[in-house]
Amino acid sequence: MNINQRLQDLREVMRREHLAAFIFPSTDPHQSEYVADHWKGREFISGFNGSAGTAVVTMDSAALWTDSRYFLAAENQLKGTEYQLMKLKIEGTPTIAEWIGKECGPGAEVAIDGACSSASEVKELIADLRKQGGITLRTNLDPLTLIWKDRPAIPDNPVEIYPLEYAGETAHEKIARIRQALREKHADGMLMAALDDIAWTLNLRGSDVHCNPVFVSYLLIAPNDVTLYINKVKLSSEVIAYLKAEGVGVASYEEVRKGLKNYFAYNILLDPNEVNYTLYEVVRRQESGVRSAVGIVEEESPVKRMKTVKNEREIAGFRLAMLKDGIAMTKFLKWIYEWKEESGKRKENTPATELSVSAKLEALRSEQPLYRDISFDTIAAYQAHGAIVHYEPTPETDIPLKPEGFLLLDSGAQYLDGTTDITRTIPLGPLTEEQKHIYTLVLKGHIQIELCKFPSGTSGTQLDVLARQALWREGLNYLHGTGHGVGTYLNVHEGPHQIRMEWKPAPLVAGMTVTDEPGIYLAGKFGVRIENTLLVTPYKETEFGKFLQFDSLTLCPIDKAPILTDLLTQEELDWLNAYHQRVFDALSPHLNQEEADWLREACAPI
């Protein structure tokens with residue numbers, strides 16, 4: 001990609017518009033983490049393809065802000081361009097507003113596409129820029145329409161009905177629950193913009209976003225009706241009839257502004273972190289006008305927390321999906337260990353590489369019933385690549401594996417009955433004492449989360465230290481979160497609950513899924529991460545209240561070879577042995593004799 005030429009083209013537009021800078025966020029009009037190709041403007045203008053980051057271009061400079069998951073990847077992808085890497089949460093890194101203030105000076109005018117930025121982010125940015133000498137922000141320009149000549153179209157893939165046997169609750173019932181939650185927030189309706197929220201609410205799925213079974217749309221819940229705004233070509237007659245039966249009307253995607261202008265109820269809930277600034281302004285103008293009494297209730301969408309608490313059908317589906325995933329992972333691990341025993345050559349005498357092991361695992365998963373897709377691009381990272389937190393091998397970066405060191409494998413699948421996310425760090429041969437030491441410390445942190453018992457109302461932030469305490473004692477840390485929610489045949493990242501250092505107040509509730517994935521990354525050497533997906537379940541009730549615990553949904557052996565057992569407590573050893581017994585009991589009936597024998601050894605107690 002000729003990034004420098006694209007910057008020149010952009011600056012021509014900026015010159016005509018009298019702009020000092022333009023800001024490119026990583027999101028789409030729905031504030032998605034992963035976006036359809038049509039909205040990958042930040043990647044187009046910078047060359048950086050991570051899921052999180054913001055690019056800013058002035059007439060004379062360019063910078064890109066991203067978090068620790070992408071520091072090493074961004075450094076590589078920005079080479080040869082004008083971009084300066086800005087490392088978020090690192091001391092000395094300026095904010096976007098501070099950097100613009102320094103580069104452009106007071107009184108400058110900068111711009112951002114308000115349709116691809118949340119209302120909260122834009123309002124905060126306006127305030128921050130004002131502090132930098134009265135810099136003003138325009139929100140009504142998308143220069144990519146002028147300079148991105150072969151821009152992909154907005155996807156129009158077909159939508160399908162998600163069977164009630166997996167959803168466990170009808171769309172009509174979910175909408176009734178949402179209306180009740182809105183009344184408690186003193187709202188008569190809401191605009192739903194998050195694609196996974198819409199898919200969950202309507203029991204529909206799509207394929208508009210890579211690895212995420214969602215479809216581009218908006219959902220407007222008014223006091224007396226519900227309207228899905230979508231490109232109608234995506235809907236079959238069966239889906240249209242289904243929506244009608246569930247009490248949902250259909251209008252074209254572009255008519256959402258018209259729908260908001262015609263919303264004459266008293267109050268509408270707009271989640272400022274979900275609804276884009278352009279649509280927020282449509283309603284705000286109505287609110288301040290004389291023709292309508294509409295008011296804005298700025299609250300978190302109630303759907304976010306509803307969909308994170310799984311019903312009985314969804315939990316049963318997760319367990320079935322994890323069983324299938326464990327079978328595929330066991331077959332893969334047996335295969336890679338046979339490769340290792342043959343000194344770096346598979347039986348067919350073809351060298352294994354990061355891409356080939358990724359393809360092998362995907363092929364094994366695809367053999368499982370109800371498999372639909374991977375849930376994110378597989379991270380198959382050998383040795384030094386494992387230190388790049390979100391490394392994804394490409395033909396340009398792919399390297400052969402050797403019978404030594406670590407392979408970090410973070411992967412997952414979309415099954416019709418559930419979504420999986422698992423990481424295993426696999427020793428391919430001799431390890432250094434440093435590698436064993438780091439591996440064991442990470443495992444200790446993982447087990448401490450698994451063992452945790454906690455009062456109802458506890459947030460993930462209050463538990464995060466358990467995953468880090470052994471690491472902190474040795475001056476080690478990781479800057480990503482320890483855990484995130486997982487959707488039901490939906491997005492692999494789901495919130496608002498998380499386990500991480502930064503304060504996230506959303507409490508952990510029985511029925512939620514959350515990952516447990518501490519890690520350590522030593523640049524130029526290796527990385528270690530161990531991840532299971534957990535279910536929050538009741539533990540006990542005492543005079544001090546209700547307590548919760550975690551139940552591991554993931555079924556896959558954790559490699560024992562790198563473990564320095566002297567560093568584990570007896571409780572940690574007991575947990576590991578009990579977990580492995582559970583893995584063997586669950587998976588072995590579904591394996592052939594040779595595979596079951598291999599798994600028995602992999603799960604043998606230590």
Side-chain angles (χ1 to χ4, degrees), residues 72 326-365 377-389 391-411 422-443 446 519-531 556-565 567 576 580 583 587 591-592 594-604 606:
L72 295 179
I327 293 168
M329 282 294 300
T330 297
K331 292 174 181 287
F332 172 82
L333 291 173
K334 178 178 179 295
W335 173 84
I336 199 88
Y337 275 83
E338 289 174 350
W339 169 89
K340 179 174 66 173
E341 290 170 1
E342 294 180 10
S343 300
K345 297 290 183 179
R346 291 188 288 171
K347 288 182 178 179
E348 58 267 37
N349 206 33
T350 303
T353 71
E354 293 169 328
L355 280 177
S356 72
V357 298
S358 177
K360 177 67 175 180
L361 179 54
E362 184 174 348
L364 290 169
R365 281 186 164 124
D377 287 317
T378 299
I379 298 170
Y382 178 58
Q383 286 290 73
H385 283 172
I388 306 172
V389 181
Y391 169 82
E392 296 166 9
T394 66
E396 292 75 28
T397 65
D398 188 31
I399 57 174
L401 309 185
K402 299 178 181 179
E404 61 187 36
F406 278 138
L407 170 67
L408 191 158
L409 190 68
D410 188 349
S411 65
I422 175 176
T423 306
R424 291 294 183 262
T425 302
I426 305 165
L428 297 183
L431 300 173
T432 66
E433 286 304 304
E434 180 183 43
Q435 287 173 319
K436 294 177 182 178
H437 190 73
I438 294 294
Y439 183 95
T440 308
L441 293 178
V442 170
L443 177 60
H446 175 90
I520 287 294
Y521 315 93
L522 302 181
K525 292 184 177 181
F526 62 91
V528 173
R529 186 162 65 251
I530 300 171
E531 175 188 18
C556 179
I558 297 170
D559 201 292
K560 298 173 295 184
I563 297 175
L564 300 177
T565 54
L567 295 181
L576 184 63
H580 277 153
V583 168
L587 299 182
L591 303 172
N592 64 35
E594 185 179 347
E595 292 163 345
D597 289 344
W598 180 89
L599 183 63
R600 181 179 290 104
E601 179 62 28
C603 292
I606 56 173

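- Closest heavy-atom contact between Pro395 and Leu355: N-CD1, 3.8 Å.
- When every heavy atom of Glu392 is checked against every heavy atom of Thr397, the shortest pair comes out as O-OG1, 4.2 Å.
- Between Trp598 and Leu333, some side-chain heavy-atom pair lies under the 4.5 Å cut-off.
- Of the charged side-chain nitrogens involved, at least one lies within less than 4.0 Å of a carboxylate oxygen, so that Lys436 and Glu433 count as a salt-bridged pair.
- Taking the side chain as every heavy atom from C-beta outward, Leu407 and Arg424 never approach each other to under 4.5 Å.
- Panel note: side chain Ser358, backbone Glu354; no donor-acceptor pair is recorded below 3.5 Å.
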Query raised in the report: Taking it one step at a time, do Val442 and Thr425 satisfy side chain to side chain contact (heavy atoms under 4.5 Å, CB included)?
Result: CA-CA 10 Å; Val442 170; Thr425 302; over 6 Å; no
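- Using a 4.0 Å cut-off between a side-chain N of Lys or Arg and a carboxylate O of Asp or Glu, Lys525 and Glu434 qualify as a salt bridge.
- Glu342 contributes no side-chain N or O that, together with a main-chain N or O of Trp339, makes up a donor-acceptor pair within less than 3.5 Å.
- For the pair His580 (side chain) and Ile558 (backbone), a donor-acceptor distance under 3.5 Å is present.
- Using a 4.5 Å cut-off on side-chain heavy atoms (C-beta onward), Met329 and Leu361 make contact.
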Requested in this report: Could you give me the CA-CA distance, side-chain angles and deciding distance for Arg529 and Ile379, then say whether side chain to side chain contact (heavy atoms under 4.5 Å, CB included) is met?
Outcome: CA-CA 11 Å; Arg529 186 162 65 251; Ile379 298 170; 3.9 Å; yes
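- Between the side chains of Gln435 and Gln383, at least one donor N or O lies within less than 3.5 Å of an accepting N or O.
- For the pair Tyr382 and Val357, the minimum side-chain heavy-atom distance is 4.5 Å or more.
- Note: Leu599 CG to Glu594 CD = 13.0 Å, rounded to the nearest 0.5 Å.
- Scanning all heavy atoms of the two residues, the minimum distance from Pro562 to Leu431 falls at CB-CD1, 3.6 Å.
- Scanning both residues, Ile530 and His446, for their nearest heavy atoms gives O-ND1, 3.4 Å.
- At a threshold of 4.5 Å between non-hydrogen side-chain atoms, the residues Phe406 and Ile426 do not count as touching.
- For Thr353 (side chain) and Ile399 (main-chain N/O), no donor-acceptor pair under 3.5 Å exists by modelled atom type.
- Using a 4.5 Å cut-off on side-chain heavy atoms (C-beta onward), Tyr391 and Val389 make no contact.
- Between the CG atom in Leu564 and the OG1 atom in Thr440 there is a gap of 4.0 Å [rounded to 0.5 Å].
- Results of the side chain to side chain contact (heavy atoms under 4.5 Å, CB included) test with Trp335 over Glu595, Lys340, Lys360 single out Lys360 as the only residue that passes.
- How far CG of Asp410 is from CD1 of Ile422: 9.0 Å, rounded to the nearest 0.5 Å.
- Nearest heavy-atom pair, Ala387 versus Gly524, reported as atom, atom and distance to 0.1 Å: CB-N, 4.3 Å.
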Query raised in the report: What do the steps show when you test Cys556 against Val583 for side chain to side chain contact (heavy atoms under 4.5 Å, CB included), and what is the final call?
Result: CA-CA 6 Å; Cys556 179; Val583 168; 5.6 Å; no
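- In this structure the side chain of Leu591 reaches within 4.5 angstrom of the side chain of Ile327, judged on heavy atoms.
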Query - Ser411/Arg365 under side chain to side chain contact (heavy atoms under 4.5 Å, CB included): CA gap, chis, key distance, verdict - result: CA-CA 11 Å; Ser411 65; Arg365 281 186 164 124; 3.0 Å; yes
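- Residues Phe332 and Leu409 form a side-chain contact, since some pair of their non-hydrogen atoms from C-beta on lies under 4.5 Å apart.
- At most 12 non-hydrogen atoms from other residues, nucleotides or ligands lie less than 6.0 angstrom from CD of Glu601.
- Nearest heavy atom pair, residue Leu72 against residue Ala523, reads CD1-CB, 4.4 Å.
- Rounded to the nearest 0.5 Å, atoms CG (Leu441) and CD1 (Ile520) are 8.0 Å apart.
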